[in-house]
Amino acid sequence: MAATAAKPEIHQFPCLKDNYGVLVRDPVSGLVAAIDAPTSEEVAAALAAKGWKLTHILTTHRHGDHTDGNLALKAATGCTIIGPKGEADKVPGIDKAVGEGDTFMLGSLEVRVLETPGHTKGHITYWMPAAEVAFAGDTLFAMGCGRVFEGNMQEMWRSLEKLTKLPPSTIVYCGHEYTQANAKFALTIEPENEALQARVREVEAKRARGETTLPTRIDIELATNPFLRPHSAAIRKRLGMESAPDWQVFAEIRERKNRS
Ligand SMILES: [Fe+2]
């Protein structure tokens, strides 16, 4: 099939307490993927609201708040479940395991797989280069990043660094609405960052209106997310880590966030 420049139709919706579900539809083929499936009921309701028929689930990682809907949705729709090679045995209903460098088509949409371990051992990010969109699960959040549960800090830093190398215009969908808490913490790490200050004001206004703060964009995160800014002289000075390698500065920020 010839690649086209068609853009996916994307529908993001809240799930559970603070998760997001995302549906992606290829307008050329009509194929529809759910990025993770927090609950079958909420994903099914979102599909019904759009009038879309589920054909795929793309799992980012094994956690229940991303996979609990898999089996019921598969039973109801016969969808194909694609998930991370590194933890395939823990993804309910998985049909196809994928890892770093793998590429597949969702109809006319090219999807590339990036391994982004740290939050879990096998965590992956799905990137659609032509559509300039990535689905980062619990690796990257707006002004934050996932907790490092299974990997080590160096591994998580490498995963985040990989995401920072995506084109700056890449739109990033994330697994959770943690933005306000992340914003508050970010200001303790780099209070002099004017882009961060402006973003925090914007996020507060959005939440006050009951709006979502996601998706985000790589260039916005590069400018405001302290976890992606261990090279910042102001951050290094504040942490007393002027000559440490980036991953150690990242690790210190992550540990402070864990304690906050
Ligand atoms: Fe998770």
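Heavy-atom basis, side chains included; hydrogens, waters and symmetry copies ignored. As the structure lists them, so they are numbered: ligands from 1, and atoms in each ligand from 1.
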J.: Can a salt bridge be assigned to the pair Arg25 and Glu9 using a cut-off of 4.0 Å between side-chain N and carboxylate O?
T.: yes
J.: Is the distance between the ring centroids of His66 and His176 less than 6.0 Å?
T.: yes
J.: Is there a donor-acceptor contact under 3.5 Å from the side chain of Glu115 to the main chain of Glu100?
T.: yes
J.: Give me the number of protein N, O or S atoms whose distance to the Fe ion (ligand 1) is under 2.8 Å.
T.: 4
J.: Between the side chains of Arg254 and Asn258, does any donor sit under 3.5 Å from an acceptor?
T.: yes
J.: In terms of the angle between their ring planes, are Phe141 and Tyr178 parallel, tilted or perpendicular, with boundaries placed at 30° and 60°?
T.: perpendicular
J.: Please list all pairs meeting side chain to side chain donor-acceptor pair (under 3.5 Å) that have one or both residues in residues 194-203, counting only residues at least two apart or in different chains.
T.: Arg199-Thr216, Arg199-Glu221, Arg199-Thr224
